[in-house]
2 protein chains.
Amino acid sequence: MTAIKENSTLNENRKSSQASCPVSFVMNKIGGHWKPIILYHLLSGTKRYSELKKLIPAITEKMLIQHLKQMQEDNLVIREAQNVVPPHVTYSLSKEGEQLRIVLDAMVEWAFAQDFKIDEN
Amino acid sequence: MTAIKENSTLNENRKSSQASCPVSFVMNKIGGHWKPIILYHLLSGTKRYSELKKLIPAITEKMLIQHLKQMQEDNLVIREAQNVVPPHVTYSLSKEGEQLRIVLDAMVEWAFAQDFKIDEN
DNA sequence: TACTTTTATACAAGTACTTACCCCAAAGTA
DNA sequence: TACTTTGGGGTAAGTACTTGTATAAAAGTA
């Protein structure tokens with residue numbers, strides 16, 4: 001799933017900055033454009049894969065599943081699958097993921113303090 | 001400075017998600033690996049360009065100047081230059097940048113609530 | 001004269017991230 | 001039989017992000 005070159009300068013830099021900067025540590029977990037959006041939607045409760053897809057129309061399935069998987073590995077979200085056909089899989093926030101609420105809320109507040117306006121389209 | 005293709009799907013997606021998700025709006029301003037680190041260091045006060053470079057040894061000058069410039073355009077940081085040679089330039093947080101303190105603090109708290117440990121090297 | 005200092009800029013090359021498109025399972029339904 | 005449903009996997013190509021290296025100005029210093 002998208003191989004990463006272990007010894008690239010980029011990757012080394014990433015690791016070292018992550019080690020010395022807590023903010024960078026967080027960004028490595030929830031950075032990128034889709035993760036925070038996914039987390040944001042999970043804040044309101046457990047969702048099925050297909051529900052997330054509907055809530056975030058612009059995301060490709062590839063991206064959705066990739067980020068869910070990464071966040072699952074980072075213990076931010078919990079994946080639960082029922083062994084049925086067609087599949088039934090739900091995603092929810094883990095305890096650690098749930099604790100991100102404070103961070104995400106702070107972001108939302110800041111956004112609105114700037115001249116951010118919701119544009120429902 | 002690093003041209004961006006205006007009509008790429010990526011860019012369109014970015015804009016639309018930014019418009020409907022406040023968290024994404026924030027990530028577009030402080031996302032990436034270096035911006036939060038730079039902001040973090042500016043939280044403790046005005047810094048010269050060269051001071052920032054010393055505080056963040058791993059960053060290349062290119063990245064430092066590029067991100068400072070972007071954040072300046074986003075009104076997060078203020079650049080003040082004295083017209084002397086050699087140049088003397090300082091960077092500080094704007095009001096909006098200063099307001100990010102809450103967000104950054106929340107991140108720091110979360111990081112330490114996970115098993116994050118500072119590694120000074 | 002030659003080198004240092006400070007704050008940059010420009011271009012090429014490497015790396016990561018994102019999209020686009022095609023494929024699959026197995027049960028239920030038309 | 002053929003199609004739908006749900007939750008994915010795989011590959012290639014496009015786009016963005018980062019690094020690396022070279023270059024500059026103008027005054028001060030060795």
Side-chain angles (χ1 to χ4, degrees), chain A residues 1-18 24 27-28 30-38 46-54 56-72 77 79-91, chain B residues 1-18 24 27-38 47-54 56-72 77 79-91:
Chain A
M1 182 186 64
T2 321
I4 288 185
K5 206 172 168 185
E6 266 305 316
N7 290 338
S8 64
T9 311
L10 243 107
N11 208 35
E12 295 298 325
N13 269 348
R14 201 160 293 195
K15 279 182 194 162
S16 68
S17 67
Q18 191 179 159
S24 190
M27 298 305 276
N28 274 314
I30 68 169
H33 287 283
W34 298 114
K35 283 184 189 174
I37 303 182
I38 298 170
T46 301
K47 298 274 183 302
R48 290 187 67 172
Y49 173 82
S50 50
E51 289 181 283
L52 286 172
K53 211 166 54 180
K54 270 169 216 155
I56 316 172
I59 200 172
T60 59
E61 304 192 10
K62 173 98 182 188
M63 281 298 99
L64 181 53
I65 200 66
Q66 190 176 106
H67 291 310
L68 282 170
K69 218 169 161 184
Q70 277 171 23
M71 292 195 289
Q72 190 194 341
V77 308
R79 176 183 183 276
E80 282 168 303
Q82 291 168 37
N83 201 13
V84 294
V85 171
H88 185 106
V89 180
T90 59
Y91 291 92
Chain B
M1 183 186 65
T2 319
I4 287 184
K5 207 172 169 183
E6 265 306 313
N7 290 338
S8 63
T9 311
L10 240 109
N11 209 35
E12 296 299 324
N13 269 347
R14 202 162 292 194
K15 280 181 194 163
S16 69
S17 66
Q18 190 177 161
S24 191
M27 297 306 276
N28 274 314
K29 299 227 169 182
I30 68 168
H33 286 285
W34 298 113
K35 281 183 189 173
I37 303 182
I38 297 170
K47 299 274 184 302
R48 290 188 66 172
Y49 173 81
S50 50
E51 289 181 282
L52 286 172
K53 211 166 56 179
K54 270 169 215 154
I56 316 170
I59 200 173
T60 60
E61 305 192 10
K62 170 98 180 192
M63 281 299 99
L64 182 52
I65 201 67
Q66 191 175 105
H67 290 311
L68 282 170
K69 217 170 164 185
Q70 277 172 22
M71 292 194 290
Q72 190 194 340
V77 307
R79 176 182 182 277
E80 281 168 305
Q82 293 169 36
N83 200 12
V84 294
V85 170
H88 183 106
V89 180
T90 60
Y91 291 92

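- In this structure, A:His33 places its NE2 atom 10 Å from P of C:dT19, rounding to the nearest Å.
- Between the CD1 atom of A:Ile59 and the C1' atom of C:dC17 there is a distance of 13 Å, given to the nearest Å.
- Taking atom NE2 of A:His67 as the reference point, atom P of C:dA16 lies 15 Å away to the nearest angstrom.
- In this model, the phosphate group of D:dT19 is approached by a side-chain N or O of B:Thr60 to a distance below 4.0 Å at OP1 or OP2.
- Listed by chain and number, the residues in a side chain to side chain contact (heavy atoms under 4.5 Å, CB included) with B:Lys35 are B:His67, B:Gln70, B:Met71 (sequence neighbours excluded).
- Minimum interatomic distance between A:Gly31 and A:Pro36 (heavy atoms only, all atoms of both residues): O-CD, 4.3 Å.
- One atom, CD of A:Glu80, and another, C1' of D:dG8, lie 18 Å apart when rounded to the nearest Å.
- Partners of A:Val85 according to the side chain to side chain contact (heavy atoms under 4.5 Å, CB included) rule, which considers only residues two or more places apart in sequence or in another chain, do not exist here.
- In this structure, B:Lys5 atom NZ and C:dT19 atom P are separated by 14 Å, rounded to whole Å.
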Could you go through nucleotides 11-13 of chain C and list every protein N or O atom that sits under 3.5 Å from one of its N or O atoms, giving the distance for each pair?
unit_1: C:dC11; atom_1: N4; unit_2: B:Lys62; atom_2: NZ; d: 2.3

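- Not one side-chain nitrogen or oxygen of B:Thr9 sits closer than 4.0 Å to the OP1 or OP2 atom of D:dG14.
- Separating the NZ atom in B:Lys69 from the OH atom in B:Tyr91 is a distance of 9.0 Å, to the nearest 0.5 Å.
- Remark: B:Glu61 engages B:Lys53 in a side chain to side chain donor-acceptor pair (under 3.5 Å) (not counting sequence neighbours).
- Under the 4.5 Å side-chain criterion, counting only non-hydrogen atoms from C-beta, A:Trp34 is in contact with A:Ile56.
- Closest of all the heavy-atom pairs between B:Val77 and B:Leu68 is CG2-O, 3.7 Å.
- Computed from coordinates, the A:Leu52 CG to D:dG8 P distance equals 11 Å when rounded to whole Å.
- Note: CD (B:Gln66) to P (D:dT19) measures 10 Å, nearest angstrom.
- The structure places CD1 of A:Ile37 at 9.5 Å from CE of B:Met27, a figure rounded to the nearest 0.5 Å.
- A:Met63 has its CE atom 13 Å from the C1' atom of D:dT11, to the nearest Å.
- Remark: B:Thr90 engages B:Thr46, B:Arg48, B:Glu80, B:His88 in a side chain to side chain contact (heavy atoms under 4.5 Å, CB included) (not counting sequence neighbours).
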Report, one pair per line, the protein and nucleotides 4-8 of chain C atoms (nitrogen or oxygen only) whose separation is under 3.5 Å.
unit_1: C:dT6; atom_1: O3'; unit_2: B:Arg48; atom_2: NH2; d: 3.0
unit_1: C:dT6; atom_1: O3'; unit_2: B:Pro87; atom_2: O; d: 2.9
unit_1: C:dT7; atom_1: OP1; unit_2: B:Arg48; atom_2: NE; d: 3.1
unit_1: C:dT7; atom_1: OP1; unit_2: B:Arg48; atom_2: NH2; d: 3.0
unit_1: C:dT7; atom_1: OP1; unit_2: B:Val89; atom_2: N; d: 3.4
unit_1: C:dT7; atom_1: OP2; unit_2: B:Ser50; atom_2: N; d: 3.0
unit_1: C:dT7; atom_1: OP2; unit_2: B:Ser50; atom_2: OG; d: 2.9
unit_1: C:dA8; atom_1: OP1; unit_2: B:Arg79; atom_2: NE; d: 3.4
unit_1: C:dA8; atom_1: OP1; unit_2: B:Arg79; atom_2: NH2; d: 2.4
unit_1: C:dA8; atom_1: OP2; unit_2: B:Tyr91; atom_2: OH; d: 2.9
unit_1: C:dA8; atom_1: N7; unit_2: B:Glu61; atom_2: OE1; d: 3.2

